[in-house]
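Each residue takes its place number in the sequence, starting with 1.
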Amino acid sequence: MSGAPRDPAVDSALDKWRARWPDWALAEPFVAPLHRERAIAWFALRDELMHAAWRGADPRPGEAKLAWWAEELHGWHTGVRRHPLGNVLQREPAPWRALAASLPALLATRERAATTEESFRLLEPFAEGVAGVAATLFGGGSPAPARSVVIGLLGERVLDGGDAAAPLAALAATGEGAAPLAAARAWASELLGHWPPPHEGAVPGRLHAALVHERLARFARGGAPDQPLPAWRALWTAWRAARR
C-alpha cells in the first residue's frame, strides 16, 4: 500500500531556498543522506523567520508573521502543523517551543544596533534557539556556541539587507556621502574578523556557515551580495568545513 501523495507545497518551500543558495548543491553530498532534505527545510525555516524580522519598510507584517510562526512552532511541539515545512521538520523532537520563545528577541534586532557588541548581544537569544534545534535535528552533540551562530546569522543579514544591516558604528566609520554598500562592506569585513573556525556544531550548519563566509568575503572585496560561489570554490569550501 503506497503512502499519501507528497504535498507539492513542500517542494515549493524547499525550492525557494535552493534558488537563493544554489551553492548548496555542491555542499550537500557532505551531509548524511538521511539529513539532506531536513537540512534544506531547516535553512528554509530560518530564512522565513529572519526575513519576517528584518525585511520591509513597515515592521507590522513581519510582526504578524513572527506571531504566526510562534503559534506554529508551539503546535509542532504538540504534533500539529500547518506550514509545509512542518511536513519535514515537525516530527523531529527538537526544542521548537524554545525557538518560538526566542522570536521576540529576533524581532527586537530589527532596530539598528549601535555597536558590534550590541549586534551580537541582541541576537544571541535567537542564536541559542537555532543552535538547540540544529543539535537535535542533526545529532551534532553539543549545540554550536551561540556567539558563533550569531556571527553567521549577521553575515546572512548583511548579504540580504545591505547597508540597512550595518550597525551605527559602521555607518559612522564610512562617513556621510559614502558610496552605496560601503557601510555593508565595512560591516562584512568586521564580521569576517570575528568569524569562528568551522569545527563546531553539526555538519549541515558548518557547511552553510562556510558558504556564508565565502560569499561574505567576496562581498567585502566588492562582489555582489547575492552572487553564488563558483562551483570549484563551493566544493572546496564545503570539503574543508566538513572535516573535523
Can we say E63 and R110 salt-bridge, meaning some charged N sits less than 4.0 Å from an Asp/Glu carboxylate O?
no

Verify, without hydrogens or angle tests, whether E124 (side chain) and V150 (backbone) share a donor-acceptor contact under 3.5 angstrom.
no

Here the gap from R221 atom CZ to R185 atom CZ, rounded to the nearest 0.5 Å, amounts to 11.0 Å

What distance do D15 atom CG and I40 atom CD1 have between them, rounded to the nearest 0.5 Å?
8.5 Å

Full working for side chain to side chain contact (heavy atoms under 4.5 Å, CB included) between D163 and W187
CA-CA 9 Å; D163 288 333; W187 178 225; over 6 Å; no

Side-chain (R112) to main-chain (L168) donor-acceptor, under 3.5 angstrom:
no

Can you see which heavy atom on F219 is nearest to which on A224, and at what distance?
CD1-C, 4.3 Å

Taking side chain as C-beta onward, heavy atoms only, is E156 less than 4.5 Å from L159?
no

Side chain to side chain contact (heavy atoms under 4.5 Å, CB included) with A98: which residues, sequence neighbours excluded?
P95

Linked, directly or transitively: W68 and L85 (ILVMFWY side chains, under 4.5 Å)
yes

Could you go step by step and tell me if T109 and F126 meet the side chain to side chain contact (heavy atoms under 4.5 Å, CB included) rule?
CA-CA 10 Å; T109 65; F126 177 66; over 6 Å; no

To the nearest 0.5 Å, atom CG of L66 lies from atom NE2 of H51 at 12.0 Å

Return the set of residues passing side chain to side chain contact (heavy atoms under 4.5 Å, CB included) with E118 (not counting sequence neighbours), or none when no residue passes.
A113, A114, T115, R121, L122

Measure the spacing between CD of E176 and CG of L171 and express it to the nearest 0.5 Å.
11.0 Å

To the nearest 0.5 angstrom, please state how far the CG atom of L211 sits from the CG atom of L216.
12.0 Å

Could you pull out the closest heavy-atom pair between A131 and P143, with the gap in Å?
O-CB, 3.7 Å

What heavy-atom pair brings L106 and A53 nearest, and what distance separates the two atoms?
CG-CB, 3.6 Å

Looking at every non-hydrogen atom in both residues, tell me the closest pair between A170 and A166 and how far apart they are.
CB-CB, 4.0 Å

Tell me every residue that passes side chain to side chain contact (heavy atoms under 4.5 Å, CB included) with R36, counting only those two or more places apart in sequence or in another chain.
E28, V31, P33

Do the side chains of L73 and L103 get nearer than 4.5 Å, heavy atoms only?
yes

I'd like to know if R81 and E92 make a salt bridge, using a cut-off of under 4.0 Å between side-chain N and carboxylate O.
no

If the condition is salt bridge (Lys or Arg N to Asp or Glu O under 4.0 Å), which residues does R20 pass it with, not counting sequence neighbours?
D47, D160

For L207 versus A238, what's the shortest heavy-atom pair and its separation?
CD2-O, 3.2 Å

Determine whether the aromatic ring centres of residues H208 and W42 are separated by less than 6.0 angstrom.
no

Applying side chain to side chain contact (heavy atoms under 4.5 Å, CB included), name anything that partners A94, two or more places apart in sequence or on another chain.
W96, V133, T136, L137

Interatomic spacing from CD in E128 to CG in L99 - rounded to 0.5 Å
12.0 Å

Looking at side-chain heavy atoms only, is the closest gap between H194 and T116 below 4.5 Å?
yes

Under the salt bridge (Lys or Arg N to Asp or Glu O under 4.0 Å) definition, can you give me all pairs with a residue in residues 210-219, not counting sequence neighbours?
D23-R215, E214-R233, E214-R240

Hey, can you tell me if W69 and H83 have their rings parallel, tilted or perpendicular (30° and 60° cut-offs)?
tilted

Can you label the angle between the F43 ring and the W24 ring as parallel, tilted or perpendicular, going by 30° and 60°?
perpendicular

Which pair of non-hydrogen atoms, one from A234 and one from L26, has the smallest distance, and what is that distance?
CB-CB, 4.0 Å

Between L191 and F120, is there a side-chain heavy-atom distance shorter than 4.5 Å?
yes

